[in-house]
Amino acid sequence: MTRAGRARSHRSKKKRITLALSPLVAVAVAVPLMNSAGAATPSEVSADCSADSDKLENCEFVDVQFKRDNLGPNQRVSPVSDNCGSTGTASKTFNVSASVTRTIQLEDGFTAAADTKLGNSFFEIGVKFSTSEINITRDDKTTTLAFSRTDTVQADSVGFFMWSAKRTDVSGFLRATYKEPQDGQKVFFSPSEGATSVHVFYPQILKNGTPDGRLWLRNVKCGTPEASGIQNSTRALRSEPGFGAGGENVTDVEIPLSEVPAP
């Protein structure tokens, strides 16, 4: 009986020792897993690509999907003409000026100069989406719409011109290749491989060389909150509601771009 009791006691100790070692084994396994997480993060990839870092062998934009005729921000692009207090319409001359350029939209936002690896990649992707039917601005050069036009401001209203540029929205992700491996890996993505959260907006250009988009004359009734906001604004390119979305105190009339003189 004594010998059998000792044998059972011996086996019980072995089990206790094994259980005591198990947490140590788990910690040892977790260490290499944590080390592999030290590779380049998506935000670091964006920062390195933006700065054209010497650590990079290459950085490129990978397109996943696109949408043509995407409308940009709604902007006031002329001075405000005041016809408040008048009971009749008035003919006013408006000096209209708008400009478009290629823009890049990231979570943290940045622009890429044309002479960087990433800037060159954006240009090459732009070539892919520029066709004989739709010409787009592939680089970061500015294209301008500028003209003078006489139009009618309604009674007791303020009038001004609004503009929304047409753009080709190409979405995808960044792929960075580093010169030296990081934890055995050289290629990293931002925000992730196959993502569509990096947007590059390529403005669409008409055959006459002017930007394509929607242009309209907006009249706003004086004494309304909408008119007060416009009259008190000091911003040259104040953002406004879109075409037909201004409310009951606002009247919009679209101007065909065929009526706009070529540069």
Side-chain angles (χ1 to χ4, degrees), residues 66-103 105 129-131 133-137 141-169 199 201-263:
F66 75 96
K67 178 184 177 183
R68 297 197 189 276
D69 297 334
N70 172 278
L71 286 172
N74 305 300
Q75 296 180 318
R76 173 164 55 84
V77 291
S78 79
V80 177
S81 185
D82 190 326
N83 195 31
C84 292
S86 172
T87 57
T89 61
S91 291
K92 302 284 186 177
T93 299
F94 295 89
N95 293 317
V96 180
S97 179
S99 62
V100 296
T101 188
R102 184 192 67 195
T103 57
Q105 181 179 303
F129 289 96
S130 187
T131 67
E133 293 80 22
I134 297 181
N135 182 39
I136 63 173
T137 297
K141 295 178 182 177
T142 299
T143 305
T144 303
L145 175 76
F147 64 94
S148 293
R149 176 186 171 97
T150 299
D151 245 301
T152 301
V153 179
Q154 296 176 356
D156 197 29
S157 298
V158 295
F160 53 91
F161 272 85
M162 291 288 300
W163 165 259
S164 180
K166 277 187 182 179
R167 313 176 297 181
T168 295
D169 174 9
H199 291 262
F201 297 102
Y202 298 91
Q204 296 174 192
I205 308 299
L206 296 172
K207 293 187 183 297
N208 65 6
T210 61
D212 193 4
R214 170 173 270 175
L215 178 71
W216 67 98
L217 175 65
R218 171 163 286 175
N219 276 270
V220 183
K221 284 291 184 184
C222 297
T224 62
E226 294 87 348
S228 297
I230 294 160
Q231 291 167 316
N232 295 331
S233 173
T234 58
R235 286 177 289 170
L237 293 176
R238 171 185 159 100
S239 181
E240 301 283 352
F243 180 82
E248 61 181 358
N249 297 317
V250 177
T251 303
D252 292 333
V253 178
E254 187 163 7
I255 308 298
L257 292 184
S258 58
E259 297 181 11
V260 176

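Predicted model, so just to flag it, every value in this text is computed and none were measured. In what follows, residues are counted from 1 in the order of the sequence shown.
Between Arg167 and Val100, the closest side-chain pair of non-hydrogen atoms is not below 4.5 Å. The shortest side-chain heavy-atom distance between Asp169 and Phe201 falls under the 4.5 Å cut-off. With a 4.5 Å cut-off on side-chain heavy atoms, Val220 and Ile230 count as touching. Using a 4.5 Å cut-off on side-chain heavy atoms (C-beta onward), Arg218 and Pro241 make contact. Ile255 is listed as a side-chain neighbour of Phe161, based on a closest heavy-atom distance under 4.5 Å.
Here the closest non-hydrogen pair linking Thr150 and Thr93 is OG1-OG1, 3.1 Å. Taking each heavy atom of Gln154 and Asn83 in turn, the nearest pair found is O-ND2, 3.0 Å. Taking both residues in full, the closest heavy atoms of Gln231 and Cys84 are given as NE2-SG, 3.7 Å, listed atom of the first, atom of the second, then distance. Scanning both residues, Ser81 and Phe94, for their nearest heavy atoms gives CB-CE2, 3.7 Å. Gly244 approaches Asp252 most closely through the heavy-atom pair N-OD2, 2.8 Å. Residue Ser164 comes nearest to Gly72 through the heavy atom pair OG-O, 2.8 Å, listed as atom of the first residue, atom of the second, then distance.
More than 12 heavy atoms of other shown residues, nucleotides or ligands fall within 6.0 angstrom of atom CD in Glu259.
Looking only at distances, a side-chain donor or acceptor of Asp156 sits under 3.5 Å from a matching main-chain atom of Gly85. For the pair Ser157 (side chain) and Ala155 (backbone), a donor-acceptor distance under 3.5 Å is present.
Between the OG1 atom of Thr251 and the NZ atom of Lys221 there is a distance of 7.0 Å, given to the nearest 0.5 Å. Here the NZ-CG distance, from Lys207 to Asn135, works out to 8.0 Å after rounding to the nearest 0.5 Å. Rounded to the nearest 0.5 angstrom, Trp163 CH2 and Leu71 CG are separated by 9.5 Å. For the atom pair CG of Leu217 and OG of Ser78, the computed distance is 8.0 Å after rounding to the nearest 0.5 Å. Here the CD1-OG1 distance, from Ile136 to Thr168, works out to 5.5 Å after rounding to the nearest 0.5 Å. Atom CD1 in Ile134 sits 5.5 Å away from atom CG in Asp69 (nearest 0.5 Å).
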Go through it in stages, so that I can follow the logic: the residues are Arg149 and Val96, the test is side chain to side chain contact (heavy atoms under 4.5 Å, CB included), and I'd like the CA-CA distance, side-chain angles, deciding distance and then a yes or no. CA-CA 8 Å; Arg149 176 186 171 97; Val96 180; 5.5 Å; no
For the pair Thr144 and Ser99, evaluate side chain to side chain donor-acceptor pair (under 3.5 Å) and give the outcome as yes or no after the intermediate values. CA-CA 4 Å; Thr144 303; Ser99 62; 5.4 Å; no
Set out, in order, the CA-CA distance, both residues' side-chain angles and the distance that settles side chain to side chain contact (heavy atoms under 4.5 Å, CB included) for Ile205 and Thr143, then state yes or no. CA-CA 8 Å; Ile205 308 299; Thr143 305; 4.0 Å; yes
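Judged by distance alone, the side chains of Asn95 and Ser148 do bring a donor and an acceptor atom under 3.5 Å apart.
Checked against a 6.0 Å centroid threshold, the rings of Phe129 and Phe66 count as neighbours.
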